[in-house]
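To start, the structure under review is shown below, and the notes come after it.
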Amino acid sequence: MAGSAYGDLDDLRTRLLVVKQQAGGARRLVPVFGSGLSNQVLPDVRELTRAFREAIPTYGHQKFDEGLARAGSTVEQYQVAAQRVELAAGSTQLCEVVRRAVLGACESVRSDQIADFASDEAECRNQVSTGRWRLPDGYRRFAEFFACLDGGVRGPIITTNFDPLIEVALREVGLHTAILPMAGDVLFDQHQLRVSTDQPVLHIHGYWTLNLTLHSAFRLTQPRPGLSRLLDDLLVCSDVLVLGYAGWQDSFMKTLVEHMDRAEYSAVEVLWAAYSNNVDSVREGSLITKLLERPRFQLYLGIDGHELFADAIPLAELPSRPQPPNRYTLLPLKKDDVRHNPARFADGHQPDWPDAEPGAWPMLAAATELHQRLGSVLDADGGGGVVASGPLGEGKSLALRQVALLTARERPNWTVLWRESGAPPLNASWLHQQRERYGRVLICADEADLLAVALRVTQSEWGKPGSNLASLLASHDRLWRAHRIVLGPIAEVEFHGITREDAQAITGAWLAKGLLPSAVAQNAAEEIAEHLSAAAGAMIKHGCNSTASTLFGAVLQVRHGDRLGDRVGELLAKLAMVPLSTVQRLHSSVSVGDIFGGICVLQEAQDPDGNLGHGASRPVLAAMADLEAGLANGTILEVLGREAAVTFAGNRVYSRHPAIAHEVVEQLRAQGELGRICKLVGYAGGRLHASGEVSPPEYQPAYLLAKKLIQARRKEARDAAAGAVAAAPDLLQPKVTMLSVLRRLGDDTDETAAREVARRLSRFRDAYSDTEGFLVEFSHILRRHGQPQTAAGLAVLGLDNRINTRIGDRRLGYALVALIHAVVALRTQTSADGKLDDIPEVAYELLVRIEGEVDAARHLGSCPLDSEKRGRARPRAAGTLVKELHQGLSSYALKALSDTSLDLTFVGSQLDMGELERRARHPIDLAGDFG
């Protein structure tokens, strides 16, 4: 095969050895099985075609034969035969033929029992669990290989087969399976797969014990959008191994072709094992032709699935103890020949397992304490745990891995399980199962705040003294804080700052590994260590406390100093060379560098230290590039994790340190690119808000970026607001934000823009819920432009509960503040209208009753009010106060409607401020009006 574009058996075996060496759950193997392997023990399509003919009465044989004669290949004949059985004998009869064929491989069922068993679904299910089965060599050998993979590498298994043979093979090597039949469109989603504690096996054409299986071309080619969405999610960051499947034009193959068109985003790689040695025969009647020229698609010819996992190569090495559960890795790992690259971790990347090996990096004082505290828990036979708690970049993740590996080697009587990303949630049944399987179990998890609720719910299982269950965790301190009291059995070890001995140990490691710039390395080790220790201490002294990273911040200062800007510039230039897509509405191409810029913009503006949960979510990253949400886990995070060392707090993405985020933002500003990135972020937030596909906390930091930026009077607020408007042109709320930004930036186009919105008000989807906010903003704009009378009319319209019957205290407060400012401005212009004499003070009294004195004063800000008039308003009942507003301002409201061409046809001559009166009621109202 020298020089060939296609691989052979040795190539595929070598590739699978690479898969086997993977650890950490970054990528997973998703096997896909067709009927090619099952046919070693089950009838092939020719035999099933004959069985289908026998299942219908003789009367229908002629039409059956005529249909087969018109069909081409044996596969097409099989599909026609199945369709004839459905039409002539019914689906139940078709399923019984399938069951009889499958039961032929069950050694526990005699041949004279097959017909009776085939009509009994319960007995068929029982045989899957308890029966003896003949297994194809390929399945048996595959199961041995699959069992030896780390739990984080084992992805879901997909099969077009109806039989249970792959489940039986996995059961025999100790892997429990979850059988997931999908004859129609999917009845479950990625979340349900994730929470499965057993190995998922997806039967995408149905399952033999059910009364619905797919055989005919008509049914196999029907659109299955739910299946397509599920497969899109499953294939992200996966190595897909296809065996015994011809690539016929069914819904799975169509989805695979569509997904491979976006392979550079999803980081999927397909390893297609074809039985034939001839590429032309592989192409025939198959969609493989469309895949051959796609990136990340590898074709291997001459692959016998039964020989692929044969004993001739060290693919399968069954361990002496049970395999780890789904998405967990058993520690300690076998030491494969993996080259350690210490510079990656030194530059801020998440640690890999080689970084945690003894001698790779020093164990710092906090890590040593973590190890000692864990030892006390294990000595007491469990019943608690320890958590490394601290800000981003304090070395928690490395310490967690160091202690986990050390414990696994020191205490062979404890089974140490490392929880990978995407592992199913903990529950009491699962914990009990692991304890029964292993005895003493230590569960290790980074980002443990995501597990906190499950730990609280299952505390009665693991928290009892001597429970033989323990936990080793790491979490951002602010995220863990809410759980400290209820999770008392889990002791907290603070990671914040370093000792002088730590600084000396880190310096020694840097010098030994050649990781310091020459200008720094020429200094004495003691001097470098002193610099590192002082830098860390200074951060705490100057107010960083528990919100900023002392360790990694100090590392940046010592290793890079004034060159941090150069490093960031090089990184941005490199990431800009990785294109993603074009956002049509913004007429903008997007690169991975732009996504990283968006992460840093959100971090700098909304959550510098990663402790508020306001960083960039995965849906926001995908929406920035107009990609499907699942693809954010592909190339975007893969490249950013590899090149930019992004990190996570909870389920949000951040740069490794606030100093890096700040430097990125400043460089984008200097390059004139910051506005474009802010527009992309605003666009992502607006798109997700408009779609309603994700919960508000996922998108609000991006959607509300303009409001955050305008508080600092940043001109980029206009760009962020424009992005949200472009993403949701039929929504009013983003336009209100844009108007606010224009006004606060002093942009005189704000009035023209507001009048244009006013004329189209009822056309917006959210007009009912957001008109009040628009009226308040329009009022502020017109007051700024010297039109206080119209401004007062708009503000009082905002108090009319026909605008929005669900108007609440905050919105009433905004309208009252706008009203007070407008009438005060109007009162200073003219004294002719006596009806306005007490209106600002009356409105302020209502504001105080709704919000309280402190908040009312804070929201109103600087605005001259008459203390004597305030005194007259204070004892009056709410009804009286509202009546005064009504009498004084109704005419202003009507005139404002006319002057602004406001699209509010339901407002008549009488205002309705009943909701304002109800919410402003005061104890004085019980006694009547004494004013």
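As the structure is a computational prediction, the values presented were derived from the model and not from experiment. Side chains are part of it too, since the values below use all heavy atoms of this structure and drop only hydrogens, waters and symmetry mates. Position 1 is the first residue of the sequence; numbering continues from there.
- The closest side-chain heavy-atom distance from D594 to I677 is below 4.5 Å.
- The backbone N or O of C863 lies less than 3.5 Å from no partner atom in the side chain of H821, so there is not a single donor-acceptor pair.
- At least one side-chain heavy atom of T900 sits less than 4.5 Å from a side-chain heavy atom of L782.
- With contacts defined as side-chain heavy-atom distances shorter than 4.5 Å, the pair P864/R827 does not qualify.
- A donor-acceptor pair under 3.5 Å links the side-chain atoms of S890 to the main chain of H886, judged by distance alone.
- Here the straight-line distance linking atom CD of Q789 with atom CG of D899 works out to 7.5 Å at 0.5 Å rounding.
- D800 contributes no side-chain N or O that, together with a main-chain N or O of L797, makes up a donor-acceptor pair within less than 3.5 Å.
- Between the E698 side chain and the S617 main chain, no donor and acceptor come within less than 3.5 Å of each other.
- Between C678 and L709 there is a side-chain heavy-atom pair separated by less than 4.5 Å.
- Put simply, CE on M738 and CG on D747 are 9.5 Å apart, with the number rounded to the nearest 0.5 Å.
- R763 has no carboxylate O lying under 4.0 Å from a charged side-chain N of D903, or vice versa, which leaves the two without a salt bridge.
- Remark: side-chain polar atoms of Y654 are not paired, donor with acceptor, to backbone N or O of Q603 under 3.5 angstrom.
- Listed by chain and residue number, E777 satisfy the salt bridge (Lys or Arg N to Asp or Glu O under 4.0 Å) test with R743 (two or more places apart in sequence, or in another chain).
- Using cut-offs of 30° and 60° on the angle between ring planes, the pair Y699 and Y703 is perpendicular.
- Between the side chain of H662 and the backbone N or O of P608, no donor-acceptor pair lies under 3.5 Å.
- In this structure, K869 places its NZ atom where more than 12 heavy-atom neighbours from other residues, nucleotides or ligands lie under 6.0 Å away.
- A donor-acceptor contact shorter than 3.5 Å links the side chain of D607 to the backbone of L612.
- Atom CZ of R676 is separated from atom CG of L680 by 6.0 Å, given to the nearest 0.5 angstrom.
- No salt bridge links R874 with E853; every basic N to acidic carboxylate O contact stays at or beyond 4.0 Å.
- Within the model, atoms CD of Q667 and SG of C600 stand 10.5 Å from one another, a figure rounded to the nearest 0.5 Å.
- Remark: side-chain polar atoms of E917 are not paired, donor with acceptor, to backbone N or O of V882 under 3.5 angstrom.
- Contact of the L742 side chain with the R718 side chain is registered, since non-hydrogen atoms from C-beta on lie closer than 4.5 Å.
- Counting only distance, with no hydrogens or angles, the side chain of E841 and the backbone of A873 share no donor-acceptor pair below 3.5 Å.
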Task: From CA spacing to verdict: side-chain hydrogen bond (donor to acceptor under 3.5 Å, both in side chains), H785, D750 - done: CA-CA 10 Å; H785 286 276; D750 56 353; 2.7 Å; yes
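- Ion pairing between a basic and an acidic side chain is recognised when a charged N comes within 4.0 Å of a carboxylate O; R784 and D748 show such pairing.
- Taking the charged nitrogens against the carboxylate oxygens, E716 and R669 do have a contact shorter than 4.0 Å, which makes a salt bridge.
- Considering only heavy atoms from C-beta on, V796 comes within 4.5 Å of M913 through its side chain.
- Checking L732, T771, L731, V736 one by one against F764, the side chain to side chain contact (heavy atoms under 4.5 Å, CB included) holds for a single residue, L732.
- Under a 4.0 Å N-O distance rule, the pair R872/D838 qualifies as a salt bridge.
- D770 has no carboxylate O lying under 4.0 Å from a charged side-chain N of R765, or vice versa, which leaves the two without a salt bridge.
- Inter-residue side-chain proximity for F774 and K735 is flagged as unmet; no heavy-atom pair is nearer than 4.5 Å.
- One distance of note links OG of S475 with NE2 of H483; it measures 7.5 Å at 0.5 Å rounding.
- In this structure, E851 CD and L860 CG are separated by 10.0 Å, a value rounded to the nearest 0.5 Å.
- Between the side chain of S898 and the backbone N or O of K895, no donor-acceptor pair lies under 3.5 Å.
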